[in-house]
Amino acid sequence: MEAPTALISEAGVSMAPVHDLGAGRGPFWLDDWLSANATDVLAWRRHIHAHPELSRHEFATTEMVTSLLRSVGLKPWVLPGGTGVVCDIGSDDAGGGRCVALRADMDALPLTEATGLPYASKTDGAAHMCGHDAHTAILLGAARALAGAPELPGRIRLIFQPAEEVMPGGALDMIAAGAMEGVERIYGLHVDPRLEVGKVGLREGAMTSAADIIELRLTSPGGHTSRPHLTADLVHALGTVITSLPAVLSRRVDPRSGTVLVWGAVHAGQAANAVPQDGVLRGTLRTADHEVWTMLEPLVAASVESLLAPSGVGFSLDYRRGVPPVVSDAESTALMRAGVEAALGESAVAETEQSSGGEDFGWYLEHVQGAFARLGVWPGEGPMADIHRPTFTLDERALLCGVRTLVHTALATLA
């Protein structure tokens, strides 16, 4: 994949010059690289967008990433499963062996795109409606710009991660493969359609929540609804758990933790006059507090047992821990703020709120300190097309903002 023009032709769109909102802020080699290669970054994103791949099937995307890194003399390596790329820039001779990591995720969502774009998804049932195509192109741009720097103050590790969209997340694959060995800090970003392009949202502390999945299966001998006293009323028991478990948790967990249980599915029975023999209840349990997250599973198990004990209904609880909350530490957040200010100016920094959504970047922060940011992709007018929708689009000027943000954050950390 040597010629970006081939990607432009495939997308069916001629690439007009893109406005670089951070132009002239340096360093000179970054300005020069973006001036010469901005349309390449857009072409990479459009190619990935047109050819989305689902979690742990990002084989073509992995091949594209490795080819583009090797073409500038870098030496990436691929995870044993065939998806996911790690690559270092610089050497241990600079910066006393210090190493900072930059991460992007590569997988698409199992959705059908409805944007009508000329470079819309060509793959049935898969689409980049969460912006991972942009994340990958941004990190590729940062990598190739950094590869052309006259010198670097330390080593920078690039992490192109698979499978962010499935729990417990491809970050665990990267960690198991040794991607975090020797890393001092890690940074990442995610597109945000609620922020205007040119803005980068930062937050010290919890930015996302832990997200666990609860599946509760109930069993009963069944029977006729005219004789509920001769059986175990499974539907009534389901209703008890549906209404009472969230209330119990609200009294057992500090409300400042942002802990919330929401049911998403309930199935039981068919006939109006028959007590069913089985039923299932599924939901998600989220919290922004890491300490609370560690105590939720045993608390839920004990609470369910207590709530169902009087009913005589049997149950089995499948509690699946998802991802930990993303908690940016103060120093890493300050360093990323310095990077954003150097890249785009002081006015580019925006405060961002804590979300109840999950993000497996939190697994990296179990091992090293780091910070996560939200990259503005709203053009400033028109509707804010939310992520995970078939109509999600973004302002491509944000790609160059992302490149500058990652490069300057790495430089600020290694300075």
Side-chain angles (χ1 to χ4, degrees), residues 1-18 20 33-34 36-72 74 76 78 82-85 87 102-145 147 158-165 189-191 375 377 387 390-403 406:
M1 192 159 297
E2 302 292 337
T5 53
L7 304 183
I8 298 168
S9 176
E10 182 179 22
V13 181
S14 61
M15 306 293 286
V18 60
D20 182 359
W33 189 90
L34 283 172
N37 297 281
T39 55
D40 291 357
V41 179
L42 271 64
W44 299 334
R45 182 254 165 173
R46 293 184 178 190
H47 177 83
I48 297 169
H49 190 92
H51 300 88
E53 296 174 296
L54 298 179
S55 301
R56 296 198 171 88
H57 291 82
E58 309 93 336
F59 297 106
T61 307
T62 294
E63 175 58 29
M64 173 184 171
V65 168
T66 55
S67 295
L68 287 170
L69 295 177
R70 287 174 181 147
S71 69
V72 290
L74 299 176
V78 178
T83 64
V85 181
C87 183
L102 305 174
R103 172 268 202 172
D105 37 17
M106 303 190 297
D107 55 330
L109 285 164
L111 292 176
T112 298
E113 183 169 352
T115 64
L117 291 169
Y119 50 90
S121 171
K122 300 178 185 296
T123 305
D124 292 338
H128 274 292
M129 297 292 99
C130 197
H132 295 187
D133 53 337
H135 303 168
T136 302
I138 287 168
L139 188 55
L140 275 170
R144 299 210 357 159
L158 315 170
I159 296 177
F160 294 88
Q161 179 203 304
E164 190 277 332
E165 294 292 355
L189 49 77
H190 198 295
V191 299
L375 179 69
V377 297
I387 58 175
T391 54
F392 171 68
T393 58
L394 57 82
D395 187 324
E396 290 183 314
R397 291 177 297 169
L399 300 177
L400 306 190
C401 295
V403 171
L406 290 184

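Just so you know, residue 1 is the first one in the sequence shown, and it goes up from there. This structure is a prediction, so every number in the text was calculated from the model and none was measured.
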Chemist: List the steps, then state whether side chain to side chain contact (heavy atoms under 4.5 Å, CB included) holds for T136 with F160.
Modeler: CA-CA 7 Å; T136 302; F160 294 88; 4.1 Å; yes
Chemist: Would you confirm whether E58, through its side chain, and M106, through its main-chain N or O, come within 3.5 Å as a donor-acceptor pair?
Modeler: no
Chemist: Distance-only, no hydrogens or angles: does the E53 side chain make a donor-acceptor pair with backbone N or O of T61 under 3.5 Å?
Modeler: yes
Chemist: Please report the interatomic distance CG(D105) to CD1(I159), rounded to the nearest 0.5 Å.
Modeler: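 Reported value, rounded in 0.5 Å steps: 11.5 Å.
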Chemist: Once you measure the plane-to-plane angle for H190 and H132, does it fall in the parallel (<30°), tilted (30-60°) or perpendicular (>60°) bin?
Modeler: perpendicular
Chemist: How far apart are the closest heavy atoms of A143 and L74, and which atoms are they?
Modeler: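 Scanning both residues, the minimum pair turns out to be O-CD1, 4.4 Å.
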Chemist: T391 and A114: which non-hydrogen atoms are nearest, and at how many Å?
Modeler: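 Scanning both residues, the minimum pair turns out to be CG2-O, 4.0 Å.
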Chemist: Looking at every non-hydrogen atom in both residues, tell me the closest pair between H135 and C130 and how far apart they are.
Modeler: CE1-O, 4.2 Å
Chemist: Any chance you could lay out the side chain to side chain contact (heavy atoms under 4.5 Å, CB included) test for V41 and W33, step after step, and finish with the verdict?
Modeler: CA-CA 11 Å; V41 179; W33 189 90; 3.8 Å; yes
Chemist: Find out whether T393 and V377 are in side-chain contact, i.e. whether some heavy atom of one side chain is under 4.5 Å from a heavy atom of the other.
Modeler: no
Chemist: Taking atom CG of L109 and atom CZ of F392, what is their separation to the nearest 0.5 Å?
Modeler: 10.5 Å
Chemist: Could you walk me through whether R144 and S71 pass side chain to side chain contact (heavy atoms under 4.5 Å, CB included), step by step?
Modeler: CA-CA 9 Å; R144 299 210 357 159; S71 69; 2.7 Å; yes
Chemist: Heavy atoms only: give me the nearest I138-A398 pair and the separation to one decimal.
Modeler: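 Heavy-atom minimum between the residues: CD1-O, 4.3 Å.
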Chemist: Step by step, work out the side chain to side chain contact (heavy atoms under 4.5 Å, CB included) result for H49 and M129.
Modeler: CA-CA 9 Å; H49 190 92; M129 297 292 99; 3.8 Å; yes
Chemist: Would you say the side chain of E165 lies within less than 4.5 Å of the side chain of P110, judging by non-hydrogen atoms?
Modeler: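 Heavy-atom side-chain distance check fails, nothing below 4.5 Å.
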Chemist: How long is the gap from CG on L189 to CG on L102, to the nearest 0.5 Å?
Modeler: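 Result: 9.0 Å between the selected atoms.
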Chemist: Can you say whether the rings of H57 and F59 are parallel (under 30°), tilted (30 to 60°) or perpendicular (over 60°)?
Modeler: perpendicular
Chemist: If I compare all heavy atoms of L158 with all of L139, which pair ends up nearest, and what's the gap?
Modeler: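 Smallest interatomic distance, heavy atoms only, reads CD2-CD1, 3.9 Å.
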Chemist: With a 4.5 Å cut-off on side-chain heavy atoms, are H128 and R45 touching?
Modeler: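 Contact flag for R45/H128 side chains = no.
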Chemist: Looking at T62 and G84, would you say the former's side chain and the latter's main chain have a donor-acceptor pair under 3.5 Å?
Modeler: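 Yes, T62 side chain to G84 backbone: donor-acceptor pair under 3.5 Å.
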Chemist: Where is the tightest heavy-atom contact between P52 and A108, given as atom of each residue plus distance?
Modeler: CB-CB, 3.5 Å
Chemist: Got a second to check how far L68's CG is from E63's CD, nearest 0.5 Å?
Modeler: 9.5 Å
Chemist: Using 0.5 Å steps for rounding, measure from the CG atom of L394 to the CG atom of L399.
Modeler: 6.5 Å
